[in-house]
Amino acid sequence: QVQLVESGGGLVQTGGSLRLSCAASGRTLSNYAMGWFRQAPGKEREFVAGVNGGGTTPYYANSVKGRFTISVDMAKNTVYLQMNSLKPDDTAVYYCAQRNERFLNVLEGLYLYWGQGTQVTVSS
């Protein structure tokens, strides 16, 4: 049984930083792509960042490129999202997700397993 548990959300001022964690259990991250998505109030869930299985080939949405960094600690089977220079538009519930194959995709429908989400609020 695959489980994904996010943590690290919170309230931060504009320009601040947060690091989200997604602890995975049930199978190794070596073989499965991981993604971070977010959903703001009244909006659809959108892709933020992703990596291929093993933590290779990070890919970012244009809106976060240069500010967010996705990484994987294989020893801890955990994916991180380091978020810097946060803006009010980054306010959302952030979810990590896992595909059932090695290569990342920006489409949420292609991710099989999801965490419960963690709230990130950026005040102006």
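Closest of all the heavy-atom pairs between Arg38 and Ser63 is NH2-OG, 3.5 Å. Residues Ala40 and Ala92 come closest through the heavy atom pair N-CB, 3.8 Å. Residue Ser85 comes nearest to Ser17 through the heavy atom pair N-OG, 4.4 Å, listed as atom of the first residue, atom of the second, then distance. Residue Leu4 comes nearest to Cys22 through the heavy atom pair CB-SG, 4.0 Å, listed as atom of the first residue, atom of the second, then distance. For the residue pair Tyr95 and Gln116, the shortest heavy atom distance occurs at CE2-O, 3.6 Å. Here the shortest heavy-atom pairing between Thr56 and Gly53 reads OG1-O, 3.6 Å.
When atom types are taken as modelled, the side chain of Thr14 and the backbone of Ser123 share a donor-acceptor pair closer than 3.5 angstrom. Although no hydrogens or angles enter the test, the distance criterion places no donor-acceptor pair under 3.5 Å between the side chain of Gln3 and the main chain of Ala24. When atom types are taken as modelled, the side chain of Thr91 and the backbone of Val122 share a donor-acceptor pair closer than 3.5 angstrom. At distances below 3.5 Å, not a single donor-acceptor pair connects side-chain atoms of Tyr94 with backbone N or O atoms of Leu81.
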Original post:
Under the side chain to side chain contact (heavy atoms under 4.5 Å, CB included) criterion, do Glu6 and Trp36 qualify, and how do the steps go?
Top reply: CA-CA 10 Å; Glu6 301 103 332; Trp36 284 99; 4.0 Å; yes
**OP:** Could you go through the ring-ring contact (aromatic ring centres under 6.0 Å, His included) check for Trp114 and Phe37 one step at a time?
**Re:** CA-CA 10 Å; Trp114 291 81; Phe37 291 77; 5.0 Å; yes
**OP:** Evaluate the side chain to side chain donor-acceptor pair (under 3.5 Å) criterion for residues Tyr32 and Arg99: first the C-alpha distance (whole Å), next the side-chain angles of each, then the deciding distance (0.1 Å), finally the verdict.
**Re:** CA-CA 6 Å; Tyr32 302 99; Arg99 291 201 69 191; over 6 Å; no
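A continuous path of hydrophobic side-chain contacts links Tyr60 to Leu18 [ILVMFWY only; heavy atoms under 4.5 Å]. The cluster map of Ile, Leu, Val, Met, Phe, Trp and Tyr, joined by side-chain heavy atoms under 4.5 Å apart, puts Phe68 and Phe47 in different clusters. Transitive grouping of hydrophobic side chains (ILVMFWY, heavy atoms separated by less than 4.5 Å) keeps Val72 and Leu104 in distinct clusters.
For Lys43, the NZ atom is loosely surrounded, since the number of other residues' heavy atoms within 6.0 Å does not exceed 12. In this structure, Tyr59 places its OH atom where only 12 or fewer heavy-atom neighbours from other residues, nucleotides or ligands lie under 6.0 Å away.
Proximity of Lys87 to Arg67: side-chain heavy atoms (C-beta onward) are separated by under 4.5 Å at one or more points. Between Leu112 and Gln98, every side-chain heavy-atom pair lies at or beyond the 4.5 Å cut-off. Side chains of Thr118 and Leu20 form a contact here, defined as non-hydrogen atoms less than 4.5 Å apart. Residues Val79 and Leu29 form a side-chain contact, since some pair of their non-hydrogen atoms from C-beta on lies under 4.5 Å apart.
Note: Ile70 CD1 to Met34 CE = 7.5 Å, rounded to the nearest 0.5 Å. The line from CG of Leu110 to CZ of Phe103 is 14.0 Å long, rounded to the nearest 0.5 Å.
Identified under the side chain to side chain donor-acceptor pair (under 3.5 Å) test for residues 69-83, with sequence neighbours left out: Gln82-Asn84. Residue pairs meeting the side chain to side chain donor-acceptor pair (under 3.5 Å) criterion with at least one partner in residues 102-113, sequence neighbours excluded, are Arg45-Glu108.
In this structure, Leu11 stands alone, with no Ile, Leu, Val, Met, Phe, Trp or Tyr side-chain heavy atom under 4.5 Å from its own, directly or through other members.
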